[in-house]
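Everything below concerns the one structure shown next.
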There are 2 protein chains.
Amino acid sequence: MAKQTILVVDDEKDLLDLIEYNLKKEGFDVIKAENGEEGIKKAKEHNPNLVLMDIMMPKMDGMEAVEKMRADDELKAIPIIFLTARSDEKTEVEGLDKGGDDYITKPISTTKLISRIKAVMRRFEETQEEVNRLDVHDLSIDKDRYIVTKGDEEFQLPRKEFELLYYLASRKGKVRDRQTLLNKVWGDNIYVVDRTVDVHVRKIREKLGDHYIETVKGVGYRFKE
Amino acid sequence: MAKQTILVVDDEKDLLDLIEYNLKKEGFDVIKAENGEEGIKKAKEHNPNLVLMDIMMPKMDGMEAVEKMRADDELKAIPIIFLTARSDEKTEVEGLDKGGDDYITKPISTTKLISRIKAVMRRFEETQEEVNRLDVHDLSIDKDRYIVTKGDEEFQLPRKEFELLYYLASRKGKVRDRQTLLNKVWGDNIYVVDRTVDVHVRKIREKLGDHYIETVKGVGYRFKE
DNA sequence: AAAGGCCGTAACAATTTCTTAATGCGCTAA
DNA sequence: TTAGCGCATTAAGAAATTGTTACGGCCTTT
């Protein structure tokens, strides 16, 4: 894998150098910027894998910069970690709401910083990864075509049924309660009765067979291990 | 999801009660302790999801308590938020070095306190991997899958039995009386006869064997050490 | 505009799980 | 030894949860 690039945005030059030194030692490429404006410019220029963003800065503060980044198609997918000095009493927790993926309180040990960076990257890669075909048991679930194949039979499931099946199958063995399934498959702010899930499960079973989706009474459903 | 438990350690009783009141209103279970020593004892006893730790306290101060916790295998993974009366740059640095996960200056508004707690918990959950499986003796109790494995046998226990077993196993060796078990597994405001616990214990023993859950006459039950 | 598929909801049946209460057993103290 | 207490065990019915079906609204296609 190519070297990962990290953009560090902070107005304290000493800290910037310290972080650069430590990240380079870990094998990252490092780009530096001293305020939000410069940060955005360099982000567009270098397309980094992750941004470390201080909140208190001159010209354009970190919060504002992140808002701008999240609104920019080119930059919106880049994971961001906020750095906050504990003296910023006001903005601390809002960072995550604005679109940060983690926030770190300065001062922080180098090892901790690095493990956080890796954790965020790992999380990101997992969600980024586009696995378009799932093969489980004797099923092949093709997300590009919304088609499920079982042996030489092909099933064209309706969208909700397909997505429900795909979600469960991609987390084989793990139980999910109805509310979680609704949030993940239907969407976070969709209001439907949770028994709707049952009906869709029923329809999937009707078409593919009873033994793929298991019921865990009182808890939810899971795809057979 | 089961209730999250928070241990609050502070020598000011009034503040302790205030925090308890507010956290309970938010749906947390709250355990209280008035000094570091008692805090560590209660942490071991109740295995909380997070600790709010005052720094200035008699007997054993918060800093020392946290050092002890971080050195203890049983407690090292619990996230800790420091509380202190005054913003003091020096203690702050020290606190984070010693292993605190966040740092809050009193006084603080309730909403702020709660959002910080949730932020730290969220961060923690995301960093944690595979903490939902308990391996005790020859049993593997997998909460993601709601399955108990013994050797190569799999048992699908009903929900209450599973959760009771999980609760006891996660506090291996600690005795719990029936009322506590009802509160923790059934829920705080569920009223059922406490002998109900006996029946569930009986069913677990029937399926997995007699020797995992031990009876302590006149007190309650415990998972074998 | 009609037909057909998809989706969400409600109703009721089927099933599993939970709770209770009754009974028996074993230990301990008088 | 016996009474008393606490726990184990069992079975039955109550409660909770899920399965199944049917229907109406909506959208898309024809």
Side-chain angles (χ1 to χ4, degrees), chain A residues 145-148 154-168 175-224, chain B residues 1-2 143 146-148 154-168 175-224:
Chain A
R145 297 187 297 153
Y146 272 69
I147 281 180
V148 179
E154 277 197 352
F155 298 90
Q156 178 135 197
L157 299 191
R159 196 176 74 227
K160 290 280 189 254
E161 290 170 36
F162 183 91
E163 286 175 357
L164 179 59
L165 176 69
Y166 187 87
Y167 181 81
L168 286 169
V175 181
R176 291 284 180 266
D177 62 34
R178 290 177 177 71
Q179 201 50 57
T180 303
L181 292 170
L182 286 177
N183 288 340
K184 295 294 184 179
V185 176
W186 272 252
D188 268 331
N189 33 22
I190 304 290
Y191 168 73
V192 291
V193 170
D194 63 1
R195 297 296 311 278
T196 298
V197 175
D198 299 34
V199 178
H200 285 266
V201 167
R202 163 71 179 58
K203 288 182 174 166
I204 294 171
R205 286 174 173 162
E206 192 171 57
K207 288 164 188 162
L208 301 179
D210 281 352
H211 50 293
Y212 297 109
I213 297 178
E214 298 176 317
T215 301
V216 181
K217 273 206 138 190
V219 188
Y221 294 100
R222 93 182 138 214
F223 198 92
K224 190 174 185 179
Chain B
M1 181 162 51
K143 194 151 198 185
Y146 266 79
I147 280 179
V148 179
E154 278 194 352
F155 298 91
Q156 168 98 44
L157 301 190
R159 189 174 59 168
K160 288 276 192 283
E161 290 169 36
F162 183 91
E163 287 175 356
L164 178 59
L165 176 69
Y166 189 87
Y167 180 81
L168 286 170
V175 184
R176 288 288 179 270
D177 63 35
R178 290 177 177 73
Q179 200 50 55
T180 303
L181 292 170
L182 286 177
N183 287 339
K184 293 295 183 178
V185 177
W186 272 252
D188 268 334
N189 32 23
I190 304 289
Y191 301 103
V192 292
V193 171
D194 64 0
R195 294 257 152 240
T196 298
V197 175
D198 299 33
V199 177
H200 282 86
V201 168
R202 162 70 180 56
K203 288 184 174 163
I204 295 171
R205 286 173 172 162
E206 190 172 58
K207 287 165 187 161
L208 301 179
D210 281 351
H211 49 294
Y212 298 108
I213 297 178
E214 298 176 318
T215 302
V216 182
K217 280 195 108 175
V219 188
Y221 295 99
R222 90 180 144 217
F223 198 93
K224 191 174 185 180

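Within every chain, numbering begins at 1; the chains are lettered A, B, ... in the order of the sequence lines, protein sequences first and strands thereafter.
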Report yes if at least one side-chain N or O of R202(B) is closer than 4.0 Å to OP1 or OP2 of dT9(D); otherwise report no. yes
Is there a donor in the side chain of R222(A) and an acceptor in the side chain of Y146(B), or the other way round, less than 3.5 Å apart? no
Rounded off to whole Å, could you give me the CG-to-P distance for the D210(B) and dC7(D) pair? 16 Å
Look at T215(A) and dG19(D) and indicate whether a side-chain polar atom (N or O) is within less than 4.0 Å of OP1 or OP2. yes
Evaluate the side-chain proximity of Q156(B) to V216(A): yes if any heavy-atom separation is below 4.5 Å, no if none is. yes
Write down the distance between CZ (R178(A)) and P (dT9(C)), rounded to a whole number of angstrom. 14 Å
What are the two closest non-hydrogen atoms of T196(A) and W186(A), and how far apart are they? CG2-CZ2, 4.0 Å
Return whichever of G220(A) or R205(B) has its heavy-atom-nearest nucleotide of DNA chain D closer to the 5' end. R205(B)
dist F162(A):CZ -> L157(A):CG (nearest 0.5 Å) comes out at 7.0 Å
Please encode protein proximity along nucleotides 16-22 of chain C as a string of B, S and -, counting only heavy-atom distances under 4.0 Å. BSBBBB-
Rounded to whole Å, please give me the gap between CD1 in I213(B) and P in dC7(D). 15 Å
Gap separating the OG1 atom of T215(B) from the OH atom of Y221(B), nearest 0.5 angstrom: 5.0 Å
Check the surroundings of atom NZ in K160(A): do more than 12 heavy atoms from other residues, nucleotides or ligands lie under 6.0 Å from it? yes
Report yes if at least one side-chain N or O of Y221(B) is closer than 4.0 Å to OP1 or OP2 of dA8(D); otherwise report no. yes
Starting at atom CG of D198(A), determine the distance to atom C1' of dG8(C), rounded to an integer number of angstrom. 12 Å
